[in-house]
Number of protein chains: 2
Amino acid sequence: MSELPRAERRRRTERRILDAARELFAERGFERTTIRAVAQAAGVDPALVMQYFGSKQELFSAAVRVAPAPVAGLGPEELVEQVLASLGMKLGELPQASLAMMRSMLTHPDAAASARATLSGQIAQIGASMSGEDARLRAALMTTIMLGVTVGHQLLELDELRDVPPEEIARLLRPCLRALTGPDVP
Amino acid sequence: MSELPRAERRRRTERRILDAARELFAERGFERTTIRAVAQAAGVDPALVMQYFGSKQELFSAAVRVAPAPVAGLGPEELVEQVLASLGMKLGELPQASLAMMRSMLTHPDAAASARATLSGQIAQIGASMSGEDARLRAALMTTIMLGVTVGHQLLELDELRDVPPEEIARLLRPCLRALTGPDVP
DNA sequence: GCGTTGAGTCAACGAGCGTAGAGCGAAAAG
DNA sequence: CTTTTCGCTCTACGCTCGTTGACTCAACGC
């Protein structure tokens, strides 16, 4: 039917499966997403998904594998703006891999481990850009604050946050985060 | 074996089932918790759980049914303290019913609806205690902030937040919430 | 051309799940 | 003591899931 070379055809199919998996994992989470549903969304036989990824768990790992956005920090000012920018991105088009990971992080052990690693990395980066005794703790709070806002907006889709422009949220959140960066500028 | 009256025996068994259900739902979420596991933890036959609660869904509803702590607000000062106190409770002995609801809110549709209702109620209460144009939005951000910190601490159990006394977290979070209450005192 | 490789399908297995109904034995009612 | 009630168990059904191995057929190397 199609006259594509085998390697290209293979890559495209694999990508279709991964895209479908990301979308379904982000929408329903790990447990409620079935291999059969992913295969159907990708227009493929369920056995092929297994053949390519080995198991549902490995499919999930491959689907949520994404490069975490680095927070190269300088002063507190830029730090807050960068964190807020990551929220702006999150409120806009947060990559579906991240949504998939967040959706499952409370119920799927591997997603929880992945989320912990990602968040700890972000906390370490933010903490390194701050000074003060409890910089690490303040960085952790900044991160969990962003996590909560993102969860409430993107996953729970709270009415009070829906249809609110990201800049408005960022504007209100800015002094809130400033209160955590500490008084001193490194 | 036991010589308890029937009504009392029934009530105790039902309570044992509900306690086991709450613990397992809080620990593993809705989908990973099986009726069989709840029954075993309660020392009871799985069919009895069905007989008492009708379905797994109704068992979950009964398990997470809990009176939401009211936030009777006055001025911004008391408001912040009250929200932080609710966090203090949350970081201490947050009722397992709430943990069960939070654990499942991202993957189980009914838990999501329940969480939305609870959070919206809290947002409305906080918003009613504040003045200003976007009081509702600021209340929503306060609520999601607390949600994020609670999730990161209680459910994800981030290393950076573990072993941190609640007062320390409350101390750092206080100016953060103050920045959202707005300048005016009603 | 021709055998080989590999993408993709088909049918099915085994396990675990939520759930239903019959039955048992002790407490309550008479 | 007899009958009824009901807390509780046992067994099993039906379904869906992840996963597997045999198969088909078009693309590839020679």
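So that the names make sense, note that chain A is the first sequence line, chain B the second, and so on, each numbered from 1.
Among residues at least two apart or in separate chains, there is no salt bridge (Lys or Arg N to Asp or Glu O under 4.0 Å) pair with a member in residues 123-133 of chain A. For residues 105-124 of chain A, the pairs satisfying ring-ring contact (aromatic ring centres under 6.0 Å, His included) are A/Phe30-A/His108, A/Phe60-A/His108, with sequence neighbours left out. Residues in residues 26-40 of chain A take part in these salt bridge (Lys or Arg N to Asp or Glu O under 4.0 Å) pairs, two or more places apart or across chains: A/Glu31-B/Arg32, A/Arg32-B/Glu31. Legend: salt bridge (Lys or Arg N to Asp or Glu O under 4.0 Å) pairs involving residues 101-130 of chain A, not counting sequence neighbours: none detected.
Contact check on B/Arg171 versus A/Asp134 returns a salt bridge, with a Lys/Arg side-chain nitrogen under 4.0 Å from an Asp/Glu carboxylate oxygen.
Atom pair B/Glu58:CD and C/dA20:P shows a separation of 10 Å (rounding to whole Å applied). When rounded to the nearest whole Å, the span between CZ of B/Arg10 and P of D/dC6 equals 10 Å. With rounding to whole Å, A/Lys56 atom NZ is found 15 Å from D/dT16 atom P. Taking atom CD of residue A/Glu8 and atom P of nucleotide C/dG8, one finds them 12 Å apart after rounding to whole Å. Between B/Arg16 atom CZ and D/dC8 atom C1' the separation is 11 Å, expressed in whole Å. Computed from coordinates, the A/Arg12 CZ to C/dG6 P distance equals 21 Å when rounded to whole Å.
Within the structure, every side-chain polar atom (N or O) of A/Arg9 is placed at least 4.0 Å from both OP1 and OP2 of D/dA26. At least one side-chain nitrogen or oxygen of B/Thr13 sits closer than 4.0 Å to the OP1 or OP2 atom of D/dC8.
For the residue pair A/Gln57 / A/Ser61, a side-chain donor-acceptor distance below 3.5 Å is found, with atom types taken as modelled.
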Give me, pair by pair, the N or O atoms of the protein and of nucleotides 28-30 of chain C that are less than 3.5 Å apart, along with how far apart they are.
unit_1 : atom_1 : unit_2 : atom_2 : d
C/dA28 : OP1    : B/Arg6 : N      : 3.2

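Cluster annotation: A/Leu99 is not connected to A/Leu59 through the hydrophobic network of ILVMFWY side chains, with a link wherever side-chain heavy atoms come within less than 4.5 Å. Hydrophobic clustering places A/Ile123 together with A/Val151 (ILVMFWY residues linked when any side-chain heavy atoms are closer than 4.5 Å, directly or through intermediates).
For residues 29-54 of chain A, proximity to DNA chain C is found at A/Arg36, A/Val44, A/Asp45, A/Ala47, A/Leu48, A/Gln51, A/Tyr52, defined as any non-hydrogen atom under 4.0 angstrom from a strand atom.
B/Met142 is not listed as a side-chain neighbour of B/Arg138, based on a closest heavy-atom distance of 4.5 Å or more.
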